[in-house]
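All figures in this text were calculated on a predicted structure; none of them were measured in a lab. Whatever order the structure lists ligands and atoms in, that order sets their numbers, starting from 1. Heavy-atom basis, side chains included; hydrogens, waters and symmetry copies ignored.
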Amino acid sequence: MSKPINGLLARTAKPIARPARPSFSSGPCAKPPGWSASLLDTRVLGRSHRSALGKQRLACCIALMRDLLEVPDSHRIGIVPGSDTGAFEMAMWTMLGQRPVTTLAWESFGEGWVTDAVKQLKLDPTVIRAGYGELPNLDALDWSNDVLFTWNGTTSGVRVPDGEWIATDREGLSFADATSAVFAYELPWDRIDVATFSWQKVLGGEGGHGVLILGPRAVERLESYVPDRALPKLFRLTSGGKLIHGIFSGETINTPSMLAVEDAIFALEWGTAIGGLSAMIDRSRANAAALDRIVEQRDWLGHLAHDPATRSTTSVCLTVDGDADRIKLLTRLLESEGAAYDVASYRDAPPGLRIWCGATVDTADVEALGPWLDWAWSESADQALERSNNQ
Ligand SMILES: Cc1ncc(COP(=O)(O)O)c(C=O)c1O
């Protein structure tokens, strides 16, 4: 922090070099390096999504997701409406109710699924919670229940360490909201019955569509259990007691944005070209490590996630040794200088910074952020002091 010297504040000089791409939002996230709208394949735009070409592009998108995420043939992948929320709620509404439910929550989005389960579906779930920065105990779960959780808590920067805690002999189904986890961690597909995500996070794609991944036991549930509730057409995954297979081969429930599909294909081809899943994971880890070095060197910054073993390498949430007003000023300064966009913590989370470190961000840009954080921190102290002097 700037310390007053003879009544004046020691100012930190404004850095010269800015991050080349100051997009650090946790969704929609930075586009893949080299992305340009002019590079998208636009042949399908203006055509029906049910034309041969439309179905081919949707199927191509699904195949690329399967390859890049290393999803086995046992699991089905569908593109559905309503982004990650749509995909996760579709799974909840169609599958829950057959057996008891456990919901895990340690940040805002996990809490959202608790609210759905309690207030909307009236399931009386067992709710296991932890506060921001912590993970609940994952060892004592009853796997005769269906278990809902968020793989990476985007608003607290806390993730599950791996999938070892998911019982292999579970009777219930595991439901993973994996929207800020896919393409950034290795997911053990044999332990995941339902996974959902949307393209605008680690892929840097566009919002609008969700991706629903179903393992064989989830399909079995869908085909053997009819919940006692009304299901809108947008949520219907079966017809006559059988899975609608078309949804998982590119015949979407309703009209998708083919522009968003082409944009996702671009990102998936980028991920494939740089070396696939392991290369994407490496980029995310390198970004998080670069940010960690910045945090280590500054006593006014810390990690909201206490345990490094469960600290996110995508949505990295930082504590700041200042009040909410000063943090607001800091993020405004960073934005107005074009040094970092959208780095304030989520509205329901403790005030602080949240810096996206997913694969589409370049490590050099994270490194370039350090001096700008120092400058904005020093400026925010000066401006706060000036304000209090003028009062
Ligand atoms: C963990 C998690 N779940 C759900 C959502 C909601 O995603 P969407 O806007 O794609 O519906 C988000 C958005 O940030 C998220 O981080």
Please state whether E107 comes within less than 4.0 angstrom of ligand 1, counting heavy atoms only. no
Should we count CG of N254 as having more than 12 external heavy atoms under 6.0 Å? yes
Atoms of ligand 1, numbered as shown, that sit under 4.0 Å from any heavy atom of [X]:
{"X": "T154", "value": "1 (C), 2 (C), 15 (C), 16 (O)"}
{"X": "T150", "value": "1 (C)"}
{"X": "S198", "value": "10 (O)"}

Check the pair W356, Y341 against ring pair (Phe, Tyr, Trp, His ring centres under 6.0 Å), reporting the backbone distance first and the verdict last. CA-CA 10 Å; W356 184 254; Y341 297 140; over 10 Å; no
Salt bridge check: are [X] and [Y] linked by an N-O gap of less than 4.0 Å?
{"X": "D193", "Y": "R170", "result": "yes"}
{"X": "D342", "Y": "R354", "result": "no"}
{"X": "K14", "Y": "E379", "result": "no"}

Check whether the ring centres of Y132 and W106 lie less than 6.0 Å apart, and answer yes or no. no
For [atom], what's the nearest protein heavy atom and its distance?
{"atom": "atom 13 (C) of ligand 1", "result": "K201 NZ, 3.0 Å"}
{"atom": "atom 11 (O) of ligand 1", "result": "T85 OG1, 2.5 Å"}
{"atom": "atom 7 (O) of ligand 1", "result": "D84 CB, 3.6 Å"}
{"atom": "atom 10 (O) of ligand 1", "result": "S83 OG, 2.4 Å"}
{"atom": "atom 3 (N) of ligand 1", "result": "D177 OD2, 2.6 Å"}

Please determine if Q200 has a nitrogen or oxygen closer than 3.5 Å to a nitrogen or oxygen of ligand 1. yes
Ring pair (Phe, Tyr, Trp, His ring centres under 6.0 Å) between F149 and F109, intermediate numbers included: CA-CA 9 Å; F149 67 99; F109 286 104; over 10 Å; no
Structural part of T179 in contact with ligand 1, heavy atom criterion under 4.0 angstrom: side chain
Would you say the side-chain atoms of R159 pair up with the backbone N or O of R311, donor to acceptor, closer than 3.5 Å? yes
